[in-house]
Colleague: 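Mind having a look at this structure? Questions to follow.
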Protein chains: 2
Amino acid sequence: MSRGSLPQFDPGDRPAGERLPEATVSRLPVYLRVLAGMAERGVVTVSSDQLAAGAGVNSAKLRKDLSHLGSYGIRGVGYDVDYLIYQVSRALGLTQDWPVVIVGAGNLGRALANYGGFVTRGFRIAALLDSDPAIVGSRIGRVAVRHSDELEDLIVRHKVAIGVIATPGGAAQAVCDRLVAAGVTSILNFAPVVLNVAEGVDVRKVDLSIELQILAFHAQRRSAERNGPPSEDELRTVSEGAGLPSVPGGASRLSTAAAVPSAAEA
Amino acid sequence: MSRGSLPQFDPGDRPAGERLPEATVSRLPVYLRVLAGMAERGVVTVSSDQLAAGAGVNSAKLRKDLSHLGSYGIRGVGYDVDYLIYQVSRALGLTQDWPVVIVGAGNLGRALANYGGFVTRGFRIAALLDSDPAIVGSRIGRVAVRHSDELEDLIVRHKVAIGVIATPGGAAQAVCDRLVAAGVTSILNFAPVVLNVAEGVDVRKVDLSIELQILAFHAQRRSAERNGPPSEDELRTVSEGAGLPSVPGGASRLSTAAAVPSAAEA
DNA sequence: TAGATTGTTAATCGATTAACAATC
DNA sequence: TAGATTGTTAATCGATTAACAATC
């Protein structure tokens with residue numbers, strides 16, 4: 001790297017060929033969001049401490065994350081907000097436009113199509129699809145609902161690489177298969193099922209029910225800590241009162257289903 | 001643990017006081033979902049290999065995860081589906097009912113209120129709130145929209161421990177503060193902002209935009225790998241053609257904003 | 001220069017996974 | 001018993017973080 005006069009642009013700043021750790025990739029969008037807010041408020045320079053506080057992470061972690069992109073800070077000063085926005089965007093691949101298809105124009109699909117954050121970051125809804133003839137042709141915001149028969153054609157014509165599945169669980173795998181067959185390699189799945197895909201296809205899952213269950217676990221742990229661990233007596237009372245299932249093979253095996261919370265999908 | 005005849009219920013099976021690893025907690029709901037599907041199809045027993053395949057994880061990881069709950073499998077046989085459903089539910093705190101408030105009855109809030117997965121797993125919508133008088137009083141599925149003025153009262157009366165924020169970004173922090181002040185300690189945030197909360201409050205974030213950006217990163221990396229690393233010439237052409245920002249302090253600093261993808265929130 | 005802040009080191013922690021003894 | 005499968009061990013990998021030299 002040259003000293004003295006700084007180069008206009010030095011690709012060598014970025015560690016060549018080094019891959020970003022997954023944990024870093026998942027935090028970069030958060031940094032980007034905080035940086036965007038700062039840029040809007042006219043902030044020119046930000047220190048790792050400030051940016052880390054805004055993103056809710058440790059400043060050492062933030063510096064480590066950014067160091068994977070290259071050396072874009074200035075010692076004793078901090079980071080230039082605009083420049084860092086650009087570098088983070090570039091690292092994430094957001095300097096290009098990403099056409100996206102959304103499959104499913106139910107409540108969720110409509111919410112997604114109306115979501116402004118979509119367009120603001122290089123994503124563009126190429127199509128919103130549904131199989132219900134009653135809503136095909138209607139408009140959700142700026143987007144017209146197309147029939148899902150057109151899926152393959154639209155993907156090819158618009159060079160869509162990212163698909164969003166917002167269908168009921170039962171339809172998700174079939175939709176996924178069609179997306180992949182048509183050339184989509186990145187899928188965001190809102191349906192409450194585990195999708196099977198071939199090697200090389202990237203699936204991310206957003207699942208309200210799973211998030212709530214994780215929250216419930218922590219809430220339960222906190223309340224257990226507040227009340228202290230249950231005594232032997234409490235455990236016995238609870239296990240009898242609630243009709244806990246026996247271990248497998250025990251006499252009451254078949255009668256336990258009712259005591260188990262229904263875990264059927266909707 | 002007793003040998004020979006198995007006890008009806010042995011709390012000692014669960015490693016006492018041992019905390020579940022976070023990574024395990026986040027996978028348990030997935031196992032639960034797969035197990036529920038199997039139970040519905042009448043499957044009685046499942047091996048770690050089968051369950052792992054259904055959940056899309058390594059079977060060693062699955063067994064390790066389950067081992068944190070206790071010894072609920074049978075060597076040479078597998079796991080009893082119903083019994084495992086019960087044990088996983090119990091570990092997650094799903095044997096009790098969790099009343100939830102949803103704040104924001106826009107597109108997303110309505111989608112959430114209509115989401116069937118809510119009720120099927122011990123979660124119950126205690127209230128759906130909005131500040132818009134035009135929709136207060138209307139019904140979304142089975143739930144009536146209440147005015148957000150009632151937030152504190154409803155939380156206390158229904159002993160709500162979990163809050164879901166589905167408001168625009170601008171309102172999210174204020175809503176969060178009110179939820180926490182009223183006693184909510186677990187928050188699921190759909191608004192595209194980083195929430196500031198006191199120690200002891202658990203916030204999880206669901207963010208479409210962030211998920212898409214992570215997908216874009218991988219999509220970009222795959223396409224870069226397909227095309228091979230860019231040559232020196234390509235790098236130079238791209239950097240000039242796209243009008244890359246200079247490093248901070250360079251001559252074109254002020255003119256670079258337009259080249260940077262707009263990252264403003266919607 | 002003195003003060004501030006980055007980028008990196010190295011220690012530590014937690015998660016993953018193959019392998020296999022235990023045991024049904 | 002023989003075959004199957006769990007639960008655990010231990011090696012490995014990746015992520016986190018405090019500390020600090022480099023340097024603006």
Side-chain angles (χ1 to χ4, degrees), chain A residues 1-6 10 12-15 18-28 30-31 43-53 55-81 83-84 87-88 247-250, chain B residues 1-6 10 12-15 18-28 30-31 43-53 55-81 83-84 87-88 247-250:
Chain A
M1 204 206 300
S2 61
R3 297 287 163 94
S5 75
L6 290 163
D10 182 358
D13 266 358
R14 180 159 55 160
E18 200 189 304
R19 293 162 74 102
L20 295 182
E22 267 309 301
T24 297
V25 172
S26 68
R27 283 187 295 262
L28 289 180
V30 180
Y31 304 154
V43 177
V44 172
T45 294
V46 67
S47 72
S48 61
D49 268 341
Q50 295 168 321
L51 182 50
V57 301
N58 180 303
S59 74
K61 189 189 282 184
L62 172 80
R63 288 198 300 278
K64 185 82 168 166
D65 283 340
L66 294 184
S67 76
H68 288 113
L69 310 186
S71 280
Y72 300 130
I74 304 172
R75 289 166 137 99
V77 178
Y79 301 85
D80 181 89
V81 171
Y83 188 59
L84 196 52
Q87 290 297 349
V88 174
V247 290
Chain B
M1 204 208 296
S2 61
R3 299 287 165 95
S5 74
L6 288 164
D10 182 359
D13 265 359
R14 181 158 57 162
E18 200 189 302
R19 293 163 75 102
L20 295 182
E22 266 310 300
T24 297
V25 172
S26 67
R27 282 186 296 262
L28 288 180
V30 181
Y31 303 154
V43 177
V44 173
T45 295
V46 67
S47 72
S48 61
D49 267 340
Q50 294 168 322
L51 183 49
V57 300
N58 180 304
S59 74
K61 189 190 280 183
L62 171 81
R63 288 197 301 278
K64 185 79 168 170
D65 283 339
L66 294 184
S67 76
H68 288 112
L69 311 185
S71 280
Y72 299 130
I74 304 171
R75 289 166 137 98
V77 178
Y79 300 86
D80 180 271
V81 171
Y83 188 58
L84 195 53
Q87 289 297 350
V88 174
V247 290

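Convention: sequence-line order gives letters A, B, ...; per-chain numbering from 1.
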Colleague: Counting heavy atoms from C-beta on, name the nucleotide in D:dC20, D:dT6, C:dT17 closest to the side chain of B:Y79.
Modeller: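 The listed nucleotide nearest to B:Y79's side chain is D:dT6.
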Colleague: Are any of the side-chain heavy atoms of A:Y31 and A:L84 separated by less than 4.5 Å?
Modeller: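 Not touching, per the 4.5 Å side-chain cut-off.
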Colleague: Nearest 0.5 Å, please: how far is CG in B:D65 from OG in B:S48?
Modeller: 11.5 Å
Colleague: Is any side-chain heavy atom of B:L28 closer than 4.5 Å to a side-chain heavy atom of B:L20?
Modeller: yes
Colleague: Closest-nucleotide mapping onto DNA chain C: is A:V77 or A:A60 further toward the 5' terminus? I mean the 5' end.
Modeller: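 Between the two, 5'-proximity favours A:V77.
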Colleague: Rounded to the nearest 0.5 Å, what's the gap from CG on A:L66 to CZ on A:R27? Could you check?
Modeller: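 It is 10.0 Å, given to the nearest 0.5 Å.
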Colleague: Taking only the side-chain heavy atoms of A:I74 (C-beta and beyond), determine which of D:dC24, C:dT16, D:dA19 contains the nearest atom.
Modeller: D:dC24
Colleague: Look at all strands and tell whether A:A23 reaches a base, only sugar-phosphate, or nothing, counting heavy atoms closer than 4.0 Å.
Modeller: sugar-phosphate
Colleague: Under the 3.5 Å rule, do the base of D:dT5 and the side chain of B:R75 count as making a donor-acceptor pair?
Modeller: no
Colleague: Side chains of B:Q50 and B:Y79, heavy atoms from C-beta outward: is any pair under 4.5 Å?
Modeller: no
Colleague: State the NZ-CG distance between A:K64 and A:N58, to the nearest 0.5 angstrom.
Modeller: 12.5 Å
Colleague: Rounded to the Å, how far apart are B:K64 NZ and D:dG7 P?
Modeller: 12 Å
Colleague: Please compare A:T24 and B:G78 by the position of their nearest nucleotide in DNA chain D and report the one closer to 5'.
Modeller: B:G78
Colleague: Can you tell me the distance, in whole Å, between the CD atom of B:Q87 and the C1' atom of D:dT6?
Modeller: 16 Å
Colleague: Starting from C1' on C:dT5, measure out to OH on A:Y72 and report it in whole angstrom.
Modeller: 19 Å
Colleague: Once you round to the nearest 0.5 Å, how far does CZ of B:R63 lie from CG of B:D49?
Modeller: 7.0 Å
Colleague: Given atom CD of B:Q50 and atom C1' of D:dT6, what is their separation to the nearest angstrom?
Modeller: 14 Å
Colleague: Out of C:dT6, C:dT16, C:dC20, which has the shortest distance to the side chain of B:K61?
Modeller: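 Among C:dT6, C:dT16, C:dC20, the one nearest the side chain of B:K61 is C:dT16.
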Colleague: Taking atom C1' of C:dT6 as reference, at what distance in whole Å does atom CG of A:D80 sit?
Modeller: 15 Å
Colleague: To the side chain of A:N58, which of D:dT9, D:dT17, D:dA15 is closest?
Modeller: D:dT17
Colleague: What is the distance from CG of A:L66 to C1' of C:dG7, rounded to the nearest Å?
Modeller: 10 Å
Colleague: Provide, to the nearest angstrom, the distance between the CG atom belonging to B:L20 and the C1' atom belonging to C:dG14.
Modeller: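 Taking CG of B:L20 and C1' of C:dG14, I get 14 Å after rounding.
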Colleague: When you check the phosphate oxygens OP1 and OP2 of C:dA19, does a side-chain N or O of B:R63 lie under 4.0 Å from one of them?
Modeller: no
Colleague: Roughly, in whole Å, what's the span from CG in A:D49 to C1' in C:dA4?
Modeller: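 Those two atoms, CG and C1', are 11 Å apart.
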Colleague: Using five base pairs at each end to define the local axes, how bent is the helix from C:dG3-D:dC24 to C:dC24-D:dG3, to the nearest 10°?
Modeller: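 Roughly 10°, once rounded to the nearest ten degrees.
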Colleague: Ignoring hydrogens, what is the shortest heavy-atom contact between B:L51 and B:V46? Give both atom names and the distance.
Modeller: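 Of all heavy-atom pairs spanning B:L51 and B:V46, the closest is N-CG2, 3.7 Å.
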Colleague: Could you please name the option among D:dA10, C:dT6, C:dA15 that lies closest to any side-chain atom of A:S48?
Modeller: C:dT6
Colleague: From the set C:dG7, D:dA15, D:dA18, return the single nucleotide nearest to any side-chain atom of A:E22.
Modeller: D:dA15
